[in-house]
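Nothing here was measured: the structure is a model prediction, and the numbers come from that model.
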Amino acid sequence: MLDSAITTYATLTYLDSQGLQRTVRINRPVFSIGRLRTNDLQINNSYVSRRHAEIIYQDGQFILRDNQSTGGVLVNGERITTHVLQSGDCFQLGDVNPVTLLFETHATSPDSGGLSLDDEQRTTEKLTTVITSPRSRFLNTALLDSAENVTDFTLHRLKALNEFNRKMLTATSTQALLGCLLDAAMETLSAERGAILLYNQTTGELEVQLTRTQSGTVPVQPSLTIAMQAFAQNAAIRSLDATSDTRFSSTSSILQQAIHSVMCAPISSPQRVWGVCYVDNLLAKTQFSDEELEYFLALTQQTGFVMENLRLIEELRATQERLINQEKLATLGQFASGIAHELKNQLSALTAAEILMSDAAEQHQRQLIQLILNAQQRMVAMVNEIRDFARPEPKVYEKTVQPLVPIVEEALNFARYDPQVKVCRTVLQATGNPYVNLNRDKIMQVLLNLLRNGAQAMQGRPGELIVRVDEVDRRARISVSDNGCGIAPEDMQRIWEPFFTTKGSEGTGLGLGICRRIIEGHDGDITCQSTPGQGTTFTIHLPLASQSSA
């Protein structure tokens with residue numbers, strides 16, 4: 001250390017690799033400067049030699065000496081071997097992309113203990129370290145060019161990073177990958193608590209996805225101030241004592257939890273920043289090292305690359321599935337056209353039922369014949385709907401304003417002839433009779449499909465199908481509920497996809513997709529709520545029409 005009796009001290013001010021101004025105090029009789037981490041001042045610049053120069057305090061003077069560096073040392077523009085520094089001198093390390101340092105001396109007050117107020121402020125600023133990928137020796141192997149720069153801890157962490165890479169490459173989902181990252185961070189770093197936060201583009205906030213704690217530690221409440229700074233800068237941040245750091249000490253989470261040593265690093269790829277990984281310690285005696293910060297950044301950066309690959313794979317799968325479905329739909333459209341032609345020929349014989357209608361004396365017989373004629377029309381329309389479903393353009397339906405309740409009643413009456421529906425108890429609960437501009441046959445098709453699906457969900461055993469009709473928020477609402485097996489959560493997002501079915505060989509995977517297309521063709525929407533083991537409810541909303549339009 002320098003003589004404590006002296007009344008001046010010296011500092012060096014320079015711009016670091018991030019373009020931030022840094023000031024350090026010359027606090028040793030021989031103060032070394034260079035690229036190696038073992039220097040008193042490390043300069044991360046490939047044009048700076050490993051031990052480029054040193055400043056020697058001797059007989060009350062600060063002497064700058066070039067250590068036979070490749071690029072040399074220039075003071076005030078002139079190359080030197082040794083030079084007695086004067087306050088205000090500027091010197092450069094190297095002649096290509098040089099690093100410029102400003103040398104200054106400062107007076108100390110008699111009662112300051114050797115530190116001025118400015119120096120105390122600089123000491124506080126040095127509590128925080130910010131680095132990006134080029135500053136991590138685990139990502140930039142050029143920083144490992146000397147055996148002096150590789151310790152046993154470094155080798156251990158290189159091995160751990162390699163093991164982490166092997167594990168994360170087997171992850172098939174984002175959740176599994178993030179779990180792998182947090183496990184690796186907690187196992188290889190001196191951290192008491194950890195968390196992963198991902199950015200929500202809708203809310204514009206970082207949201208906690210996973211947390212881990214060592215046994216006996218308090219629940220994790222990450223400092224969002226530190227997390228957002230790491231996310232916004234796409235840089236790893238370390239604070240040696242967050243409660244003393246002027247940047248973060250005022251935040252409530254740090255004060256309430258007495259957070260001390262903190263590290264936060266971005267989970268990012270060249271395309272985007274997905275979120276951050278956060279670790280901290282509540283004990284002041286446990287601090288993260290520079291090497292741990294570099295290793296931590298390597299963990300999160302590698303995770304970001306794999307997350308980007310997973311996204312690309314998911315997009316590729318979705319594109320592939322979409323192309324396959326388009327091919328299936330094209331084939332289906334051709335197939336349906338052929339069926340429609342043949343079906344119309346066969347169903348033409350049912351037109352003879354119109355003759356029977358005139359001869360039928362009993363009202364019940366006339367109703368049955370009318371059911372047959374209506375079914376004939378719906379069968380042809382259904383085949384045409386399958387053919388139209390294969391076309392990308394939306395279907396335009398002929399509509400008239402009609403009350404909903406009679407249509408629902410007709411659908412229930414017709415559905416009772418279905419072998420699976422007739423074993424169920426069907427209930428209509430109508431608290432209103434809203435008028436809607438609709439195509440009667442198409443709405444009937446949707447209702448029959450939902451009733452049949454509900455009956456199938458009860459797997460042939462007696463159950464209950466409840467249809468409700470009412471008005472809400474100036475829209476007509478129809479809900480069809482069953483108390484069957486329900487839909488698994490992982491299948492909920494796929495039930496509307498073409499050809500997706502949980503019925504095995506008994507299903508085509510087209511019914512719900514056609515239903516949604518019909519409802520959207522009526523400027524409405526259809527949603528589903530389901531609880532496995534309890535039942536499912538499909539809800540349809542349709543715009544109201546005035547009765548005067550009927």
Would Arg311 and Glu308 pass as an ion pair if we require N to O under 4.0 Å?
-> yes

Which pair of heavy atoms, one from Trp274 and one from Ser268, lies closest together, and at what distance?
-> CD1-CA, 4.1 Å

Under 3.5 Å, side chain of Glu471 to main-chain N/O of Gly432, donor-acceptor pair present?
-> no

Hey, is Glu292 close enough to Arg238 for a salt bridge, meaning N to O under 4.0 Å?
-> no

Compare all side-chain heavy atoms of Thr537 with those of Cys528 and state whether any distance is below 4.5 angstrom.
-> no

Is the closest side-chain heavy-atom distance between Ser479 and Ile540 below 4.5 Å?
-> no

Note, Met168 side chain near Leu181 side chain (heavy atom, < 4.5 Å) = no

Between Ser530 and Ile487 the two heavy atoms that sit nearest each other are OG-N, 2.7 Å

May I ask you to decide if Asn439's main-chain N or O and His522's side chain share a donor-acceptor pair within less than 3.5 Å?
-> yes

Closest non-hydrogen atom pair, Leu428 against Leu412 | CB-CD1, 3.8 Å

Are any of the side-chain nitrogens in Arg475 or Asp525 under 4.0 Å away from the carboxylate oxygens of its partner?
-> yes

Tightest non-hydrogen contact, residues Leu465 and Ala455, listed as CD2-N, 4.0 Å

Is the shortest side-chain N to carboxylate O distance from Glu410 to Arg440 below 4.0 Å?
-> yes

